[in-house]
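What follows is a set of notes on a single structure, which appears directly below.
Since this is a predicted model, take the numbers as computed values, not measurements. So you know, we letter chains A, B, ... as the sequences are listed, proteins then strands, and number each from 1.
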Protein chains: 2
Amino acid sequence: MRAEIIGVGTELLLGQIANTNAQYLSDKLALEGAGVYFHQAVGDNLERIQQALTIAASRSEIIVLTGGLGPTEDDLTREAVSRFLGRNLELDAGMLMKLEQLFAGMGRKMPTNNRKQAMLVEGGRFLDNPRGTAPGQYIEADGCHYFLLPGPPTELKPMVTDHVLPILRDLMGQQGTIRSRVLRLFGIGESAMEMEISDIISNQLNPTVAPLASEGEVTLRITAKAASEEEAFALIIPVEQQLRQRLGKYIYGIDDETLPVTVGKRLKDRGETLALAESCTGGLLASMITDVPGCSVYYKQGWVTYHNEAKSEQLGVSSDILAQHGAVSEECARAMAEGARTRAGTDWAISVTGIAGPDGGTNEKPVGLVYIAVTGPGGTTVKQFNFRGDRQQIRIRSAKNALYSLVRRMAER
Amino acid sequence: MRAEIIGVGTELLLGQIANTNAQYLSDKLALEGAGVYFHQAVGDNLERIQQALTIAASRSEIIVLTGGLGPTEDDLTREAVSRFLGRNLELDAGMLMKLEQLFAGMGRKMPTNNRKQAMLVEGGRFLDNPRGTAPGQYIEADGCHYFLLPGPPTELKPMVTDHVLPILRDLMGQQGTIRSRVLRLFGIGESAMEMEISDIISNQLNPTVAPLASEGEVTLRITAKAASEEEAFALIIPVEQQLRQRLGKYIYGIDDETLPVTVGKRLKDRGETLALAESCTGGLLASMITDVPGCSVYYKQGWVTYHNEAKSEQLGVSSDILAQHGAVSEECARAMAEGARTRAGTDWAISVTGIAGPDGGTNEKPVGLVYIAVTGPGGTTVKQFNFRGDRQQIRIRSAKNALYSLVRRMAER
């Protein structure tokens, strides 16, 4: 069954918020085997919501509307669906009483505005919303299934799990599921990768293979449609093996195993510890590492040594190195990493020093020049990088390459 | 002029990423007076991209497509626009050379795949993309203006500023403008704020006043439509003054003055310096501070002391404090901040220590318990917080409250 999501709300069109409801619903619906083919977003305008419904009903069987179920004048989703389907809005006495009780429980009288939240599209049924005053609605009409859900994600998400997905499962019966395996690659560009596997990509229909690039990382998503999870993975695994034969050396993780998660997993498995010495990444690398729950097992400490004095005093980088080679140099990176490892008493240490810009670059040492050192069992290795991009990109790429350098070093022994 | 944004990419429909490009563009276009009336998102499918174009061209004059300009087979935006408009795709020799030089600069040969990025829709022109290999395109056809932009936000954003907005300004000539003033608040919840100013919100049509909450911060956006920037601000300023009378004590900045920017600006103005000592935020606070260009003037260094030993060895937190009060205590926060300030020789230091979870909480010290200390001219102050939310939320709220605590301390003297 084809699904489509219509986000209703002028705040979406003003760019005040991102349409994260569409992302959440797309992910959940795909797992149930209901492929989402289109998103739309429209403002709080009766005519344009109806226009979106006309388009959606012409091409999709499952239509999920988010937003516009509040009590105020610009909450128009109920009205638009009622007009579009040519069905009345009817006051539901049970729901009205429930809403009145809800307000009474908060020690308040229900504003008359909220009465409209008890109006049900003829032939539809309410979907309970335990976190707000806006109940959802489900209506079947002319072969289409309409779900009306409130906009706030904290209200919408549990309603998707508790009401929308169970109804979809019933509807689709044996229609199966969509499952994915994500392969995570580093050290290869998107187009170079695609050339290695273009025959696999173009010959696959089920599963499909889709590349995606993001700030120096590349992922390959293998997606299969099948009657069951087992059957989906039976389709995915041979393709995964084929891809691993060609690209294995670039693959460092699968699914949710991002670089920080992979680093953490491997350190934990080996019972080893890590320290960090950052200059241009300025805490970003530490932040990525410590974003992973349970990182205190392997992560001991970090220094953000932005100034030269800090590099000397905190990490023992000699004034000779700073005077002769400067803070952005192979020598300084090495001394920072080794100083951090010794002082923290860890198995491994990583250092990053470079020029993130926009200022501070010279002809000899341009913006984007970054040195990354990894020290641990087996010695110290330093790599030079010349990153393109703005301050943010250079910082992100530096941090990711630092993590990947450690993954490679750990793989060596 | 009516504008419409079409996001192209199966990753949007699979819920892998949120359509933040649509949000960014909506915000920027509104500022230029080009109201966005619709968003669409479609997958990497030639037929469905053309279908989206048909719908858009029937109702909008400015059509911005994002994504699908990469070098791979599923990058189909160029092709779809060419077919929809009935115009050829032509290889541009100049762009081809430029791409080849770009790869040569990275010491690599250009993969043949990338040739397609030098294909221009007949009659269009390229929009330079200094951060990637995918140039944008601008085409005028049958009264519609088509902008083709790459999907990665770090590439798209500067192209919007440098190319799309200047073209729109030319197109719209005297059509007027939409201007906003954003007031940034901290220390008050969204609904409490709304109650303070509900009369102002509901009585305003031009300018409008819209509240928005995000992770402990609240912003108020005052938006005016007028013939010129001057006239727009003449409408905005009296409302801003009214809001400041009610909420002034919570307002720390305007427009792009986020907390890290505000902290940097004030430190720079005062000629003072900062050091950081982080435990549960794990580098996130340092990363926020160093994300601001030019921060090296005031930011000297930071420690991410995750383990107790690091707190003692690096910051001089006494073993008595750790034994008697534990690492998550007012006493430890105070000692961390004071140790950081002394060792870094800065005017100010901030420390954060707490339990970000999901594990590590006890009845006495639950997940979300965080102590934040600020030390500087005038002594040391420590505050206790009990944050709700998951690990990520607790870390972000801790870092933001740490920044805000410093802003408040600096305001005192």
Proximal component of [X], with respect to chain A [non-hydrogen, under 4.5 Å]:
{"X": "B/I55", "result": "side chain"}
{"X": "B/P152", "result": "neither"}
{"X": "B/T112", "result": "both"}
{"X": "B/P130", "result": "backbone"}
{"X": "B/E278", "result": "neither"}
{"X": "B/V182", "result": "neither"}
{"X": "B/I394", "result": "neither"}
{"X": "B/N113", "result": "both"}

> So A/K300 and B/E309, salt bridge (charged side-chain N to carboxylate O under 4.0 Å, His left out) or not? Walk me through it.
Replying inline: CA-CA 9 Å; A/K300 284 193 73 178; B/E309 301 149 51; 2.9 Å; yes
> Do A/Y299 and B/V304 have side chains that get closer than 4.5 Å, going by heavy atoms?
Replying inline: yes
> Should A/D390 and B/K157 count as side-chain neighbours, where that means a heavy-atom distance under 4.5 Å?
Replying inline: no
Heavy atoms only: give me the nearest [X]-[Y] pair and the separation to one decimal.
{"X": "B/V42", "Y": "A/F38", "result": "CG1-CD2, 3.5 Å"}
{"X": "B/P293", "Y": "A/P358", "result": "CB-CD, 3.4 Å"}
{"X": "B/T290", "Y": "A/T281", "result": "OG1-O, 4.0 Å"}

Would you mind telling me which of [options] has the largest number of heavy-atom pairs within less than 4.5 Å of chain B?
{"options": "A/K311, A/M193, A/Q393", "result": "A/Q393"}
{"options": "A/A52, A/C295, A/A344, A/G283", "result": "A/G283"}
{"options": "A/E190, A/Q392, A/R221", "result": "A/R221"}
{"options": "A/A286, A/G282, A/P211", "result": "A/G282"}

Pick from [options]: which one has the most heavy-atom pairs with chain A under 4.5 Å?
{"options": "B/D359, B/T305, B/I17", "answer": "B/I17"}
{"options": "B/S296, B/G43, B/A399, B/G70", "answer": "B/S296"}
{"options": "B/G294, B/A310, B/A275, B/G345", "answer": "B/A310"}
{"options": "B/Q40, B/Q51, B/E155", "answer": "B/Q51"}

Hey, could you give me the [atom1]/[atom2] distance between [X] and [Y], rounded to the nearest 0.5 Å?
{"X": "A/R343", "Y": "B/E313", "atom1": "CZ", "atom2": "CD", "answer": "11.0 Å"}
{"X": "A/T208", "Y": "B/D74", "atom1": "OG1", "atom2": "CG", "answer": "10.0 Å"}
{"X": "B/D291", "Y": "A/I396", "atom1": "CG", "atom2": "CD1", "answer": "8.0 Å"}
{"X": "B/S279", "Y": "A/Q301", "atom1": "OG", "atom2": "CD", "answer": "11.0 Å"}
{"X": "A/S198", "Y": "B/E73", "atom1": "OG", "atom2": "CD", "answer": "6.0 Å"}
{"X": "A/I289", "Y": "B/Y306", "atom1": "CD1", "atom2": "OH", "answer": "10.5 Å"}

> Which bit of A/V292 is near chain B, if near means a heavy-atom gap under 4.5 Å: side chain, backbone, both or neither?
Replying inline: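 The answer is the backbone of A/V292.
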> Tell me, side chain or backbone of A/I201 under 4.5 Å from chain B's heavy atoms, or both, or neither?
Replying inline: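 The answer is neither part of A/I201.
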> Is a side-chain donor or acceptor of A/R395 paired with a backbone partner of B/S287 at a separation under 3.5 angstrom?
Replying inline: yes
> Would you find more than 12 non-hydrogen atoms of other residues, nucleotides or ligands less than 6.0 Å from A/Q384 atom CD?
Replying inline: yes
> Hey, is CZ on B/R115 packed in by over 12 heavy atoms from elsewhere, all under 6.0 Å?
Replying inline: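 Not buried by this count: 12 neighbours or fewer within 6.0 Å.
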> Taking only residues at least two apart or on different chains, which pairs with a member in residues 14-28 of chain A satisfy side-chain hydrogen bond (donor to acceptor under 3.5 Å, both in side chains)?
Replying inline: A/S26-A/H39
> Taking non-hydrogen atoms and a cut-off under 4.5 angstrom, which of residues 3-11 of chain A neighbour chain B?
Replying inline: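 Within residues 3-11 of chain A, near chain B: nothing under 4.5 Å.
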